[in-house]
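Before any comments, here is the structure.
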Amino acid sequence: MSEEVELKVGGAAAVATFPGPVRSGRWKRRAFVGLLLTGVVSVIVLVYGTAPLRTAATAFHGVRWELVPALVLLSVVHYVLAAVALRGAAGHRLPMVETTLAQFTAAAANRVTPGGLGAAAVNTRYLVCRGMPPGRAVVAVAALQIAGVPADLLMLGAVLALSGGGNRMADALGSHATTVVGLLPSWPLLAAAGVLVPVAALWWRRAVRSAPVGRVLAGVTDLCRRPGDLALTLAASAGTTFVLGLAFGISVLAVPGAADTGDMTALLAAYLIGAAAGTALPSPGGMGSTEAALVAALAALGVAAAPAVQAVLLFRLITYWAPVPVGLMAFRTLRVSRGSVLPGSPGTPG
């Protein structure tokens, strides 16, 4: 809206229009984006320190830049598949472009929140803005996150079952695990297991009986009753991880002397295991822990420390940090628009 002010000049009246509230709204949006961007930069500095910022110019010396467009394309495909997975979990034909842009915003929110809470909140808000009741939106997003777990596990099993590269990664992990277990005394492990297993069983029993978990399980059951949406959600969820695994492999190939094209299966397995280990810690977006886990996974494959760090930094820069500005600019998708009531929502005909 705008403000109209009556001016009198020499006895004649004139009406002037000033876009006061509109301009104020624009400044509020710009301030919000600025604060969010400042928060993201602050988190980067707190997690990584200032050393990566000082050495960014030399970190990518010698990189095969002709492979970078492929990294950018795979990063975009990742968000498109995330949008497809959300559409499948919601059970509605959401606008594809807006849903994809919402995934960029979800990624930006995930950079400053642990455990994927930011992405879940953004996706829930987006579904509500498109007309879904809040309760159903929360359940749909929770079902999406739950469906991603078996999808990723099945893909990891398939990769490790492949001959060649996958077995190399499995053998390397098995060797390291055997060494670590051999260095630890057995009685503390048995004592910890004797305490943690009953506590976990009791906690799980109480959680299953709680009302929120019951609603989420009902949402998962409803998704399972829609075979088409279930298959779409599982395939798209697995596809998001698979695409990032390919991007990780290309990042390693972009560093001279790090790996060969025949190591792609091993690199894919390294990403799946390293990413899973990195996200186990509740840091914002797995920052710090994911990089360390990926470097360790490459080290298990025999990649030297310097090329491994270089490849991981390139991968995270393109697929992790580059989409943040897009997400900040696309946060308008979280605004309620007219005519955005989904079929079957309260207040809609038949």
Side-chain angles (χ1 to χ4, degrees), residues 37 40-41 43-45 47-83 100-101 103-105 107-108 110-111 159 165 168-169 239-275 278 285-330:
L37 185 59
V40 171
V41 174
V43 171
I44 296 174
V45 174
V47 174
Y48 298 110
T50 58
L53 300 178
R54 295 194 304 267
T55 59
T58 59
F60 305 119
H61 177 69
V63 168
R64 298 169 182 167
W65 295 106
E66 63 272 14
L67 296 178
V68 172
L71 289 177
V72 176
L73 177 61
L74 289 174
S75 180
V76 174
V77 172
H78 164 76
Y79 291 102
V80 173
L81 290 175
T100 301
L101 292 176
Q103 301 316 298
F104 280 94
T105 305
N110 233 18
R111 303 304 178 252
V159 171
R168 283 179 54 197
M169 192 65 207
T240 57
T241 306
F242 180 74
V243 164
L244 285 184
L246 289 180
F248 178 72
I250 293 177
S251 300
V252 179
L253 295 178
V255 178
D260 298 325
T261 55
D263 298 327
M264 182 58 75
T265 306
L267 295 175
L268 179 59
Y271 170 76
L272 295 175
I273 296 173
M287 284 187 296
S289 58
T290 299
E291 286 81 358
L294 292 176
V295 171
L298 291 177
L301 292 178
V303 180
V309 172
Q310 193 174 2
V312 171
L313 287 179
L314 176 63
F315 169 73
R316 295 289 271 181
L317 174 65
I318 299 298
T319 64
Y320 190 84
W321 291 115
V324 170
V326 180
L328 295 179
M329 291 185 292

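We count residues from 1, following the sequence as given.
The minimum heavy-atom distance linking A270 with L301 is given by the pair CB-CD1, 3.9 Å. Between A83 and Q103, the shortest heavy-atom distance links the atoms N-CG, 3.7 Å. The minimum heavy-atom distance linking T105 with G327 is given by the pair OG1-O, 3.0 Å.
Partner of F248 under the side chain to side chain contact (heavy atoms under 4.5 Å, CB included) criterion, out of V312, L74, L268: V312 alone.
Interatomic distance, Y320 OH to T290 OG1, rounded to the nearest 0.5 Å: 7.0 Å. In this structure, the separation between CG on L101 and CE on M329 is 9.5 Å, given to the nearest 0.5 Å. Rounding to the nearest 0.5 Å gives a distance of 6.5 Å between CH2 of W321 and CZ of R111.
Annotation: side chain to side chain contact (heavy atoms under 4.5 Å, CB included) contacts of I318 (sequence neighbours excluded): V68, L71, V72, L314. Taking the side chain to side chain contact (heavy atoms under 4.5 Å, CB included) definition, one finds that T319 meets it with S75, L244, A247, F315, sequence neighbours left out. Scored by the ring-ring contact (aromatic ring centres under 6.0 Å, His included) test, Y79 finds F104 as partners (sequence neighbours excluded). Judged as a side chain to side chain contact (heavy atoms under 4.5 Å, CB included), and not counting sequence neighbours, the contacts of L67 are R64, I250, L253, A254. Listed by chain and residue number, nothing satisfies the side-chain hydrogen bond (donor to acceptor under 3.5 Å, both in side chains) test with T100 (two or more places apart in sequence, or in another chain).
Annotation: side chain of L317 is not in contact with side chain of L313 (no heavy-atom distance under 4.5 Å).
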Worksheet entry | Stepwise side chain to side chain contact (heavy atoms under 4.5 Å, CB included) test for V295 and V303 | CA-CA 9 Å; V295 171; V303 180; over 6 Å; no
Discussion item. Please evaluate residues Y271 and L246 with respect to the criterion side chain to side chain contact (heavy atoms under 4.5 Å, CB included), reporting the C-alpha separation (whole Å), side-chain torsions for both, the decisive distance (0.1 Å), and the verdict.
Written reply: CA-CA 9 Å; Y271 170 76; L246 289 180; over 6 Å; no
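Listed by first and then second residue, the ring pair (Phe, Tyr, Trp, His ring centres under 6.0 Å) pairs involving residues 249-269 amount to none (not counting sequence neighbours).
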